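Reviewing the structure listed below.
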Amino acid sequence: MLYDTMTAEKRPLALLEPGRCGLYVCGPTVYDMSHIGHARAAIVPDVLVRALRATGLAVTYVRNITDIDDKIIRRAAAEGVSPEEIAARYTEEYHRDLASLGCVAPDVEPRVTENIDGIVEMIGRLIERGLAYAQDGDVYYRVARFAEYGALSGRNLGDMRAGARVEVNERKDDPLDFALWKGAKPGEPAWTSPWGEGRPGWHIECSAMSRRYLGETFDIHAGGRDLIFPHHENEIAQSQGACGHGTFARHWLHNGFVDFAGEKMSKSLGNFFTIREVVALYPAEALRFFILGVHYRSGVNFDVEVPCPSCGAPLSAEVQQHGGTCPSCQAALDLDELRRGLRFPGLEEADERVAAIYDALARARAFVDGVGPAPPSGDPSAAIAGMLSRFRAAIADDLNTAAAIAALSEPLRELNRLLSAKKKEVDPGLRYASAARFLADFSAVSEQLGIFGAEPALYLAARRDQKAARRRLDTAQVDEMVAQRDRARAEKRWKEADALRDALASMGVLIQDGVVSSTWTL
RNA sequence: GGCCUGGUCGCCAAGUGGUAAGGCAGAGCUCUGCAAAAGCUCCACCGCCGGUUCAAAUCCGGCCCAGGCCUCCA
């Protein structure tokens with residue numbers, strides 16, 4: 001079951017061809033570093049693709065790159081380089097970011113500049129069919145001619161005219177018409193067309209590229225909520241208008257926004273965060289876990305905390321974004337310094353949870369590997385045996401990753417209980433079968449979520465190193481203090497051992513005592 | 001002004017007709033030299049009012065509140 005924006009209800013996926021699924025996702029305009037909103041808009045389809053493939057479907061995953069656009073041209077002009085260079089640079093950065101987030105690559109990643117012929121051809125058809133008109137080197141779509149315009153976003157032309165805030169453009173016959181082709185100004189990148197030198201409007205590219213790779217009708221079209229209008233509405237008008245038949249995408253899937261500190265993300269300083277900078281602060285898996293902890297159609301909010309560098313008092317959003325003086329200690333605040341102290345409490349919680357799960361996986365792995373050559377036979381506990389089917393049922397119900405993740409908690413608790421129970425208190429067959437089953441089924445969970453796929457011990461070590469580096473902690477010194485404490489403990493010098501633990505605690509180091517030696521975390 | 005979401009435990013968050021998943025925080029306990037980790041136990045009648053129904057957080061109406069889209073935007 002998937003929610004379809006067009007019908008505004010959940011319904012079973014209605015595939016064009018049994019066993020195959022075509023998915024088109026609106027990708028980024030590559031003119032700057034990608035932000036957390038882009039991360040969500042990539043992670044949601046990523047989880048969808050994983051889910052579809054897990055059910056055995058052959059998915060063709062297409063995600064475009066918009067590599068020519070006003071913003072790219074502006075950026076290029078500002079830096080004195082070519083638009084191609086800007087697009088190439090940020091395409092590469094985008095790929096790096098998504099790889100760091102563990103997103104599977106699309107099967108096809110078409111660029112606008114490689115599809116100009118298809119775009120020109122489609123515009124030509126729209127003109128032939130009387131749905132578009134050329135005007136002084138531009139071409140516009142005549143919205144009033146497309147009867148279904150507004151179906152996706154639940155509007156009609158009358159509503160839109162009533163509240164029109166559309167800028168005046170005397171070339172358009174109707175303010176609601178939108179550009180299919182923009183005549184080039186001197187010095188701008190341009191391609192030849194029957195209407196003169198120019199470049200495509202923003203919306204036509206997706207119509208042309210989805211048609212080329214998926215056909216005139218395909219299964220699922222995905223993107224951020226903000227694309228519903230006008231972008232996807234316009235795509236429908238273009239594609240159905242040019243092809244002359246009724247269905248463009250059979251399902252429309254739109255993900256919600258990312259907010260920071262309760263406010264819509266915007267480029268104004270303070271509530272705009274790139275994937276790169278967040279992943280430098282927290283493990284990428286924690287970011288994925290946090291995002292997937294909320295249903296994809298809802299908004300997800302990142303709390304932002306910025307402590308005063310001098311006194312540690314939390315600062316208000318106003319001061320965070322514009323600087324000034326600390327209300328508590330009056331210290332002058334430097335914006336760069338504030339940025340370095342940035343914290344996302346929600347991500348910290350997610351990070352702890354991911355680490356706790358890895359910790360359980362590590363213990364389960366150690367236990368299973370440590371059992372001798374003839375493991376006792378038995379059945380896994382009910383909670384563990386039922387985990388995967390509950391998890392999958394939640395995913396299958398409109399990609400409810402939040403419910404799916406919640407379904408892991410009881411089995412996880414069960415696993416921990418069995419692993420830590422005293423030998424005599426638990427049936428060895430049950431224990432072994434449960435741990436083995438948990439590990440086996442959890443690999444399917446990890447495959448679905450794109451989380452928990454790392455070797456647990458390596459993940460935990462890397463995480464500790466990252467945190468230590470962030471705090472500029474001398475790990476060699478910590479190791480030495482821990483070793484010293486182990487010696488004190490072995491000789492039952494409890495006071496000394498406790499003093500060392502307190503000293504480590506003041507450095508933010510948590511000790512976990514083992515039988516012979518202790519480990520530490522941050 | 002038009003269109004559209006959402007208001008569920010201190011915080012985050014599932015749940016679209018049958019008497020509220022999960023996480024974090026909190027309280028008590030087990031384990032521990034003391035801790036930590038892990039585990040056990042406890043912890044909500046779902047914004048307000050009215051209606052439909054045997055039965056509503058879930059459906060309908062009204063109200064209050066928050067947010068989004070209508071302009072580039074994931």
Side-chain angles (χ1 to χ4, degrees), chain A residues 5 8-10 25-29 31-32 34-45 69-71 74 150 153-156 158-167 175-176 202 222-231 233 254-259 262-267 289-290 293-295 297-303 345-346 348-350 352-353 355-357 359-360 363 390 394 397 400-410 412-422 425 489 492-495 497-498 501-502 505 509-515 518-521:
Chain A
T5 307
E9 63 187 4
K10 278 198 247 183
V25 178
C26 287
T29 300
Y31 72 103
D32 202 351
S34 300
H35 57 241
I36 298 302
H38 293 117
R40 191 179 194 199
I43 288 169
V44 167
D69 157 277
D70 290 350
K71 292 189 288 292
R74 216 176 300 136
S153 53
R155 301 153 203 255
N156 59 61
D159 288 344
M160 288 185 268
R161 294 224 167 77
R165 287 197 284 154
V166 185
E167 84 285 14
L176 297 175
W202 171 40
R225 269 185 101 79
D226 51 341
L227 297 181
I228 296 172
F229 188 88
H231 186 59
E233 201 71 75
H254 292 100
N255 63 269
F257 286 121
V258 171
D259 289 347
E263 287 177 12
K264 186 184 168 179
M265 177 164 56
S266 83
K267 281 216 160 183
F289 189 82
F290 182 74
V294 181
H295 186 90
R297 279 191 278 127
S298 304
V300 58
N301 180 246
F302 286 69
D303 279 325
E348 275 167 28
E349 190 185 316
E352 302 274 341
R353 185 70 181 151
I357 292 172
D359 206 52
R363 271 177 284 133
R390 277 176 224 175
D397 183 10
N400 194 337
T401 51
I405 287 170
L408 305 176
S409 288
E410 193 196 347
L412 189 73
R413 236 183 296 122
E414 180 82 350
L415 174 76
N416 279 327
R417 186 191 322 154
L418 291 171
L419 288 178
S420 61
K422 293 217 169 62
E425 289 170 352
R489 245 171 23 102
K492 296 196 183 342
R493 299 195 310 268
W494 306 126
K495 273 196 150 180
D498 289 350
R501 181 171 56 207
D502 291 345
V509 176
L510 293 176
I511 294 289
Q512 279 167 230
D513 287 336
V515 180
S518 305
T519 57
W520 59 275
T521 56

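Order of the sequence lines sets the chain letters (A, B, ...), proteins ahead of strands, with each chain counted from 1. Just so it is clear, the structure is predicted and the values come from calculations on it, not from any experiment. Computation of the quantities below employed the complete heavy-atom set of this structure, encompassing side-chain atoms and omitting hydrogens, waters and symmetry-equivalent molecules.
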So, is Arg417(A) near the phosphate of C40(B), with a side-chain N or O under 4.0 Å from OP1 or OP2?
-> yes
Any Asn416(A) side-chain nitrogen or oxygen under 4.0 Å from OP1 or OP2 of A37(B) | no
What interatomic distance, in whole Å, is found between C1' of A20(B) and the corresponding atom of A44(B)?
-> 8 Å
With heavy atoms under 4.0 Å as the rule, sort Leu510(A) into base, sugar-phosphate or nothing.
-> nothing
Base, sugar-phosphate, or nothing: which does Gly37(A) touch, judged by heavy atoms less than 4.0 Å apart?
-> base
Val294(A) and Gly299(A): which non-hydrogen atoms are nearest, and at how many Å?
-> CG1-O, 3.7 Å
N or O in side chain of Ser298(A) less than 4.0 angstrom from C12(B) OP1/OP2 = no
When all nucleic acid strands are considered with a 4.0 Å heavy-atom cut-off, which category describes Gly346(A): base, sugar-phosphate, or nothing?
-> nothing
Arg413(A) near the nucleic acid: base, sugar-phosphate alone, or nothing, with a heavy-atom cut-off under 4.0 Å?
-> sugar-phosphate
If we take the C1' atom in both C43(B) and G26(B), what is their distance in whole Å?
-> 8 Å
For A74(B), take OP1 and OP2 only and decide whether either is under 4.0 Å from a side-chain N or O of Lys264(A).
-> no
Does G50(B) have a Watson-Crick or wobble partner in any strand here, with both distances under 3.5 angstrom, and which is it?
-> C60(B)
Is there a donor and acceptor pair, one atom on the side chain of Asp513(A) and one on the base of C34(B), closer than 3.5 Å?
-> yes
Closest nucleotide among A74(B), A35(B), A38(B) to the Ala356(A) side chain = A38(B)
Using a 4.0 Å heavy-atom cut-off across all strands, classify Ala406(A) as base, sugar-phosphate, or nothing.
-> base
Contact class for Leu419(A) vs. all strands (heavy atom < 4.0 Å): base, sugar-phosphate, or nothing?
-> nothing
State plainly whether the residues Glu233(A) and Arg155(A) are in salt-bridge range, i.e. N to O under 4.0 Å.
-> no
Describe the nucleic acid contact of Arg155(A) in one word from base, sugar-phosphate, nothing, applying a heavy-atom distance below 4.0 Å.
-> base
Between C11(B) and G7(B), how far is it from one P atom to the other, in whole Å?
-> 14 Å
If we take the C1' atom in both C45(B) and G18(B), what is their distance in whole Å?
-> 14 Å
Roughly how far apart, to the nearest Å, are G10(B) and G6(B) at atom P?
-> 22 Å
Using only side-chain N and O atoms of Trp520(A), determine if any of them is under 4.0 Å from OP1 or OP2 of A36(B).
-> no
Mapping Ser153(A) and Asp498(A) to their closest nucleotides on RNA chain B, which lands nearer the 5' end?
-> Ser153(A)
Take atom P in G1(B) and the same atom in C48(B), then report the distance between them in whole Å.
-> 27 Å
Looking only at atom C1', what distance separates U58(B) and G47(B), rounded to whole Å?
-> 15 Å
Reckon His254(A) touches a base, only the sugar-phosphate, or nothing at all at heavy-atom distances under 4.0 Å?
-> nothing
Touch check for Val44(A), heavy atoms < 4.0 angstrom, all strands: base, sugar-phosphate only, or nothing?
-> nothing
Counting any heavy atom closer than 4.0 Å, what does Asp69(A) reach on the DNA or RNA strands: base, sugar-phosphate only, or nothing?
-> nothing
Stacking of Trp494(A) on G33(B) base (centres under 5.5 Å, planes under 30°) | yes
